[in-house]
Chemist: 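Can you read through this structure? Questions will come right after.
As a basis for the values below, the full set of heavy atoms in this structure was taken, side chains included, without hydrogen atoms, waters or symmetry mates.
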Amino acid sequence: MKKKIIVTGGTGYIGSHTAVELIENGYEVILIDNLYNSEAIVAEWIGKITGIMPQLEIFDLCDINKLDDFFSNNKNIAGIIHFAAYKAVGESVNKPLEYYRNNLVSLINILDAMKQHSIPGLVFSSSCTVYGQPEKLPVTEDAPMQPAISPYGNTKQIGEEIIRDTVSTDKNINSISLRYFNPIGAHPSAMIGELPRGIPENLVPFITQTAYGLRDELKVFGNDYNTPDGTCIRDYLHVVDLAKAHVTAIKRLIEKKNRESYEVFNLGTGKGVSVLEAIESFERVSGKKLKYKITGRRAGDIEKIWADPSYANKELGWKTLSSLDDAMRTAWEWENNIRKRKQ
């Protein structure tokens with residue numbers, strides 16, 4: 001019998017790619033999403049890629065009554081991968097209460113439901129933002145957490161603390177937090193990818209939308225940082241590589257191979273890439289010259305950060321396989337495909 005895995009935020013960017021990898025690895029997938037920043041049709045696209053249509057439940061995890069109803073009607077859940085959260089750093093600075101309410105209440109409700117319905121494993125979608133601006137680079141899992149620079153980052157710090165405290169008092173629940181860096185790119189089929197509502201908050205969809213002609217120009221937030229070209233540096237990893245790590249993590253929990261009740265892993269390439277280098281990569285693979293201008297710094301942005309992924313490489317047997325150019329190429333193919341579908 002197939003193991004049932006719930007993917008919250010399952011029609012979102014990372015959730016949808018993870019659902020594909022789970023299905024292709026023999027799991028039964030149930031998606032939960034309130035469609036705040038995604039579309040229900042993504043479930044159909046997942047079905048077209050895999051040949052298996054996942055179950056989609058549309059409701060808000062902050063509604064505890066609907067969550068209880070769901071678990072009352074869906075038994076024998078082997079684990080949960082929890083993506084559902086607001087995720088834009090800049091937006092969180094302007095809407096802190098919305099971020100705290102959504103990201104933390106939904107997590108608390110999930111943990112309550114796990115205790116009540118005997119669900120043993122949780123993979124938590126965490127973030128490198130928990131490190132703030134680290135003192136040493138690359139960042140290891142043992143790096144001290146600096147004060148969060150944005151409310152979004154703070155919700156991930158607090159979320160990890162909530163999970164750690166919960167599993168420490170309940171031997172029936174184990175959890176893994178995956179602290180990933182900057183996912184980009186799209187599925188090689190170009191059937192699913194990053195599809196933000198409104199103006200993109202993340203770099204790559206803004207790049208692809210500008211290249212396609214949907215945006216007049218790309219804004220580069222600051223060129224006076226202490227980096228080689230003055231722009232922020234991030235660790236960009238392909239979303240499919242990231243999705244595969246979630247499959248590895250949930251399998252680890254199901255097979256009880258975790259060394260402790262709560263584990264954390266950094267997921268990244270181990271290489272820092274500046275905003276201007278990312279733009280150059282896109283221009284190289286797309287053949288498009290991008291129109292952009294330098295503007296002032298954006299509140300909440302960290303200057304530079306990239307991962308030391310060696311612990312995940314060793315302990316999970318996971319590593320990134322795709323290059324920056326690979327990711328940019330698939331992002332551009334996805335942008336072109338989705339625009340044709342929407343015509």
Side-chain angles (χ1 to χ4, degrees), residues 13-14 37 85-100 102-103 125-139 143-160 179-185 194 196 198-210 215 217-237 239 242 266-282 290-308 324 327-328 331:
Y13 177 41
I14 307 171
N37 195 33
Y86 297 163
K87 64 184 180 102
V89 169
E91 183 183 59
S92 76
V93 174
N94 297 319
K95 300 178 179 180
L97 283 179
E98 292 184 26
Y99 271 69
Y100 286 118
N102 181 76
N103 293 8
S125 167
S126 192
S127 167
C128 65
T129 56
V130 300
Y131 296 113
Q133 179 57 65
E135 295 176 352
K136 294 182 180 180
L137 291 169
V139 183
M145 290 188 186
Q146 305 296 330
I149 294 177
S150 68
Y152 165 73
N154 204 22
T155 66
K156 293 301 183 182
Q157 286 185 348
I158 296 169
E160 286 198 20
R179 295 173 178 169
Y180 38 87
F181 284 62
N182 292 74
I184 60 172
E194 190 167 7
I199 299 173
E201 290 279 347
N202 294 334
L203 175 63
V204 173
F206 211 117
I207 286 176
T208 58
Q209 288 188 16
T210 302
R215 308 289 166 196
E217 64 183 2
L218 171 71
K219 293 180 180 178
V220 176
F221 296 106
N223 66 343
D224 57 349
Y225 288 98
N226 183 28
T227 61
D229 63 20
T231 63
C232 290
I233 290 177
R234 298 289 182 268
D235 187 339
Y236 296 101
L237 72 159
V239 66
L242 179 59
N266 284 342
L267 300 180
T269 65
K271 176 177 171 52
V273 174
S274 75
V275 174
L276 293 183
E277 287 174 328
I279 290 171
E280 290 169 4
S281 170
F282 174 79
L290 202 66
K291 185 178 179 181
Y292 67 89
K293 73 174 182 180
I294 308 295
T295 65
R297 294 186 181 192
R298 181 175 59 178
D301 275 344
I302 293 169
E303 181 173 85
K304 51 190 172 184
I305 189 168
W306 61 91
D308 178 348
L324 177 65
M328 288 295 184

Chemist: Looking at residues at least two apart in the chain, or sitting in another chain, which of them share a salt bridge (Lys or Arg N to Asp or Glu O under 4.0 Å) with Glu217?
Modeler: Lys293
Chemist: Among all residues two or more places apart in sequence or in another chain, which pass the ring pair (Phe, Tyr, Trp, His ring centres under 6.0 Å) test with Tyr99?
Modeler: Tyr86
Chemist: Quick one: salt bridge (Lys or Arg N to Asp or Glu O under 4.0 Å) partners of Asp301, sequence neighbours excluded?
Modeler: Arg298
Chemist: Looking at Lys304 and Pro134, what are the two nearest heavy atoms and their distance?
Modeler: O-CD, 4.1 Å
Chemist: Evaluate Val93 against Ile149 for side-chain contact (heavy atoms from CB on, under 4.5 Å), listing each step before the verdict.
Modeler: CA-CA 9 Å; Val93 174; Ile149 294 177; over 6 Å; no
Chemist: Is the side chain of Gln157 donor-acceptor paired with the backbone N or O of Pro147 at a distance under 3.5 Å, no angle test?
Modeler: no
Chemist: Let me confirm one number: the CG-OG distance from Leu97 to Ser92, rounded to the nearest 0.5 Å.
Modeler: 11.5 Å
Chemist: Can you tell me how far the CD1 atom of Ile207 sits from the OH atom of Tyr292, to the nearest 0.5 Å?
Modeler: 10.5 Å
Chemist: Using every non-hydrogen atom in the two residues, find where Asn102 and Ala85 come nearest and quote the distance to one decimal.
Modeler: ND2-CA, 3.7 Å
Chemist: Please report the shortest heavy-atom distance between Asn182 and Cys128, naming the atom on each side.
Modeler: OD1-SG, 4.4 Å
Chemist: Any salt bridge (Lys or Arg N to Asp or Glu O under 4.0 Å) pairs touching residues 146-156, not counting sequence neighbours?
Modeler: none
Chemist: Counting only heavy atoms not in Phe221, do more than 12 fall under 6.0 Å of its CZ?
Modeler: yes
Chemist: Look up atom OG1 in Thr231 and atom CG in Leu276, then write down how far apart they are to the nearest 0.5 Å.
Modeler: 4.0 Å
Chemist: Partners of Thr210 by side chain to side chain donor-acceptor pair (under 3.5 Å), sequence neighbours excluded?
Modeler: none
Chemist: Which is it for Asn103 and Tyr152 under the side-chain contact (heavy atoms from CB on, under 4.5 Å) test, yes or no, and what are the steps along the way?
Modeler: CA-CA 8 Å; Asn103 293 8; Tyr152 165 73; 4.2 Å; yes
Chemist: With sequence neighbours left out, what residues match Tyr236 under ring pair (Phe, Tyr, Trp, His ring centres under 6.0 Å)?
Modeler: none
Chemist: Take Tyr225 and Ile233 through the side-chain contact (heavy atoms from CB on, under 4.5 Å) test and state the conclusion after the steps.
Modeler: CA-CA 9 Å; Tyr225 288 98; Ile233 290 177; over 6 Å; no
Chemist: So which atom in Asp308 and which in Pro138 form the shortest heavy-atom distance, rounded to 0.1 Å?
Modeler: N-CB, 3.7 Å
Chemist: Of all residues at least two apart in sequence or in a different chain, which pass the salt bridge (Lys or Arg N to Asp or Glu O under 4.0 Å) check with Lys95?
Modeler: Glu91
Chemist: Please examine the side chains of Gln209 and Pro196, heavy atoms only from C-beta on, and report whether any two atoms are closer than 4.5 Å.
Modeler: yes
Chemist: Run the ring pair (Phe, Tyr, Trp, His ring centres under 6.0 Å) test against Tyr131 and tell me which residues pass, sequence neighbours left out.
Modeler: none
Chemist: Identify the heavy atoms of Ala88 and Glu201 that sit nearest to each other, and give their distance.
Modeler: CB-CG, 3.4 Å
Chemist: Please report the C-alpha distance between Ile158 and Thr155 in whole Å, then the side-chain angles of each, then the deciding distance to 0.1 Å, and finally whether the side-chain contact (heavy atoms from CB on, under 4.5 Å) criterion is met.
Modeler: CA-CA 5 Å; Ile158 296 169; Thr155 66; 5.8 Å; no
Chemist: If you measure from CD1 on Ile279 to NZ on Lys291, what distance do you get to the nearest 0.5 Å?
Modeler: 14.0 Å
Chemist: Which residue pairs pass the salt bridge (Lys or Arg N to Asp or Glu O under 4.0 Å) test when at least one of the two sits in residues 218-232, sequence neighbours left out?
Modeler: Asp224-Arg297
Chemist: Identify, with sequence neighbours excluded, every residue that meets ring pair (Phe, Tyr, Trp, His ring centres under 6.0 Å) alongside Tyr180.
Modeler: His246
Chemist: Which atoms form the tightest heavy-atom contact between Ala143 and Val139, and what is the distance?
Modeler: CB-CG1, 3.8 Å
Chemist: Asn37 versus Tyr13: any side-chain heavy-atom pair under 4.5 Å?
Modeler: no
Chemist: Does any non-hydrogen side-chain atom of Leu203 lie less than 4.5 Å from one of Leu218?
Modeler: yes
Chemist: Report the residues that fulfil salt bridge (Lys or Arg N to Asp or Glu O under 4.0 Å) with Arg234, sequence neighbours left out, ordered by chain and then residue number.
Modeler: none
Chemist: Taking the side chain as everything from C-beta on, heavy atoms only, tell me whether Phe181 gets closer than 4.5 Å to Asn266.
Modeler: yes
Chemist: Any non-hydrogen side-chain atom of Trp306 less than 4.5 Å from a side-chain atom of Lys271?
Modeler: no
Chemist: When you measure from the side chain of Gln133 to the backbone N and O of Glu303, does any donor-acceptor pair fall under 3.5 Å?
Modeler: yes
Chemist: By side chain to side chain contact (heavy atoms under 4.5 Å, CB included), which residues pair with Pro96, not counting sequence neighbours?
Modeler: Tyr100, Pro151
Chemist: Nearest 0.5 Å please: distance from the SG atom of Cys232 over to the CG atom of Asn223.
Modeler: 10.5 Å
Chemist: To the closest 0.5 Å, what do you measure between CD (Glu277) and CG (Leu324)?
Modeler: 8.5 Å
